[in-house]
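Quick note: numbers below take in every heavy atom, side chains included, and nothing from hydrogens, waters or symmetry partners. As the structure lists them, so they are numbered: ligands from 1, and atoms in each ligand from 1. These numbers were taken from a predicted model, which means no experiment stands behind them.
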Amino acid sequence: PETITVQELANRMAERAVDVIRELMKMGVMSTINQVIDADTAELVVAEFGHTARRVSEADVEIGLAGIDDAQGDLAPRAPVVTVMGHVDHGKTSLLDALRSTDVVSGEAGGITQHIGAYQVTTESGAKITFVDTPGHAAFTDMRARGAKVTDLVILVVAADDGIMPQTVEAIHHAKAADVPIIVAINKCDKPEADPARVRTELLQHELVPEELGGDVMCVEVSAKARTNLGQLEETILLQAEMLDLKANPDRPAEGVVIEAKMEQGRGSVATVLVQRGTLRKGDIFVAGSEWGRVRALIDDHGGTVDAAGPAVPVEVLGLNGTPEAGDEMVVVDSDTRAREVSEYRQRKKRDVRAAAGARGTLEQMFERI
Ligand code: GTP
Ligand code: MG
C-alpha cells in the first residue's frame, strides 16, 4: 500500500508539519512527524488544507523487468552470463583472469584492459560468454534477494588440493536456491598434491553428482596458473548454455541490471551495467534504481567507446545524475520527465522506508525506557 510520512506530506503541500499533525488529530489519528500514514488518510488531509491530491501510483510510475513481454519471434540467441563462485583462495580471480586471456578479440595479451565488474569473451569457435565477477556470495544473494536474476550459470571453483570447503558449500546452496545450473571447475590441477577424484566424491555429499559418477554435473579439471583446459571449460559452458536456450529481444528499449557503481573523480557516477534485454544506446534516457541519467558514453570491457550494447553485453555507463546500487535494475524510458518522475518517486519511497524504520526505532527506545 502507498504511504507517506507526515513530514513529507507537509513538505509537499508547503505546510507546517505541526499543522498536519493537528489536522490528523482532528481526524482521530495521533501522529508524530515521522509517522507513516496511508494514501487515503493523506488524501483527506490534503483536501482539508484545500489542496488537490494527485496520486502517483506504483502502477503509474513503476516500470520493471516484468514489463512488456517480448513476442517469441523477436527473440534472438544471446550469450550466457556466468558467475564464478567458490571458497576463498581456490582461484576464482585467477580463473577469471585466465579465461579473459582466451578472448580472441581482445588483441595482444597483456594489453591494458579496463577492469569492470563483468566482461565478455569470444571463444575460439566464435561463441560469446559473459563473465560476471561478483565480489562475494553476499553480493550474489543480495542481488537475488532484490529480484535481479543476473546469472544463467554458476562456475563452482574447487581447488583440487583442498577440496570442498565451507564457502564451497555456501556457494552450492546459493546456486541451488537461485535454481542456476552448476559447472564445477576443479582448479589447481597443476599441483602435485591435486586430487580431482576426491573432489568429485566430495561433491556427492552435496547432491551434486558428477557425470563421471553417473550424474549430470559437468566437471572440468583446470589450472588457472598453467592455463590448462580453459577451452574445454568454455565448451562446457556453451554446452550447458545451449540446453538453457537463452534468448532475448535486441530490438527494444534496453533493460538491465547494475553490476557495480561508483563515483569517480572527473567521470562522475559510473555504473557497470549488464544489458539483459533490448539495446542500450548513447543518448538513451534511463532510470537505474532511484537514480536516472542520459547515456553520455558507453565504455566496453576493453576500455573502448561503443555506440550500443545489446543483450548479455556488459558496459560502463556514463551520464548518471547519482550513484545507483549494485543489483538495481536499469530501464530505458522515453523522456527525462518520466525518468525524473520515477527517480523522485523511488527516492521518496526510500526516505519513507527510512523514516518508518526511524519511527520504529524511537518506539522501541521508548519501550526500553519503560
Ligand atoms: P579470493 O578472492 O581471496 O577468495 O581468492 P580467489 O578464489 O580469487 O583465489 P585467487 O585467484 O586469488 O588465487 C589464490 C591463490 O591460488 C593465488 O596465490 C594463486 O596464484 C593461486 N592459484 C590460483 N589458481 C591456481 C592454479 O591453477 N594453480 C596453482 N598452483 N595455483 C593457483
Ligand atoms: Mg578473488
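Ligand 1 places these atoms under 4.0 Å from at least one heavy atom of Val88: 3 (O), 4 (O). Interface atoms of ligand 1 facing Lys191, defined by a heavy-atom separation under 4.0 Å, are 30 (N). Here is the list of ligand 1 atoms found below 4.0 Å of a heavy atom in Thr93: 2 (O), 6 (P), 8 (O), 11 (O).
Ion pair Arg200/Glu211 not flagged as a salt bridge, since none of the NZ, NE, NH1 or NH2 atoms sits closer than 4.0 Å to an Asp/Glu carboxylate oxygen. Between Glu344 and Arg340, none of the side-chain N atoms (NZ, or NE/NH1/NH2) sits under 4.0 Å from a carboxylate O, so this pair counts as no salt bridge. Note on Arg78 versus Asp152: salt bridge recorded, some NZ/NE/NH1/NH2 to OD/OE distance being below 4.0 Å. A salt bridge links Arg252 with Glu255; the closest basic N to acidic carboxylate O contact falls under 4.0 Å. Ion pairing between Asp19 and Arg16 holds under the 4.0 Å rule for side-chain N and carboxylate O. No salt bridge links Arg22 with Glu48; every basic N to acidic carboxylate O contact stays at or beyond 4.0 Å.
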Show your reasoning for whether side-chain contact (heavy atoms from CB on, under 4.5 Å) applies to Met85 and His174.
CA-CA 10 Å; Met85 297 176 97; His174 287 312; 4.1 Å; yes

Let me see the working for Thr168 and Leu156 under side-chain contact (heavy atoms from CB on, under 4.5 Å), right down to the final yes or no.
CA-CA 7 Å; Thr168 320; Leu156 183 69; 4.0 Å; yes

Give the intermediate values and the outcome of side chain to side chain donor-acceptor pair (under 3.5 Å) for residues His90 and Asp162.
CA-CA 8 Å; His90 278 198; Asp162 205 21; 2.8 Å; yes

Show, in sequence, the C-alpha distance, side-chain angles and deciding distance for Met27 and Val45, and conclude whether the side-chain contact (heavy atoms from CB on, under 4.5 Å) test is met.
CA-CA 9 Å; Met27 292 162 55; Val45 172; 3.9 Å; yes

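Looking at Cys189 next to ligand 1, no N or O pair under 3.5 Å apart turns up.
From the protein, the heavy atom lying nearest to atom 9 (O) of ligand 1 is Gly91 N, 3.1 Å. Looking at atom 30 (N) of ligand 1, its nearest protein heavy atom turns out to be Asp190 OD2, 2.9 Å. At the top of the distance list for atom 4 (O) of ligand 1, counting protein heavy atoms only, stands Lys92 NZ, 2.8 Å. Atom 27 (O) of ligand 1 has Ala224 N, 2.9 Å as its closest protein atom, hydrogens excluded (heavy atom only).
Here Thr93 meets the criterion, with an N, O or S atom under 2.8 Å of the Mg ion (ligand 2).
Atom 32 (C) of ligand 1 is approached by the protein to below 4.0 angstrom, counting heavy atoms only. Distance check for atom 18 (O) of ligand 1: every protein heavy atom is found at 4.0 Å or beyond.
Residue-level proximity to ligand 1 for His90 is carried by the backbone, the only part with a heavy atom below 4.0 angstrom. Residue contacts with ligand 1, taken as heavy atom pairs separated by less than 4.0 Å, involve Asp89 via backbone and side-chain atoms alike. Residue Asn187 touches ligand 1 through its side chain alone, judged by heavy-atom distances below 4.0 Å.
In this structure, of Ser223, Ser94, Pro192, the residue bringing a heavy atom nearest to atom 13 (O) of ligand 1 is Ser94. Checking Lys188, Arg227, Gln167 against atom 25 (C) of ligand 1, the nearest heavy atom belongs to Lys188.
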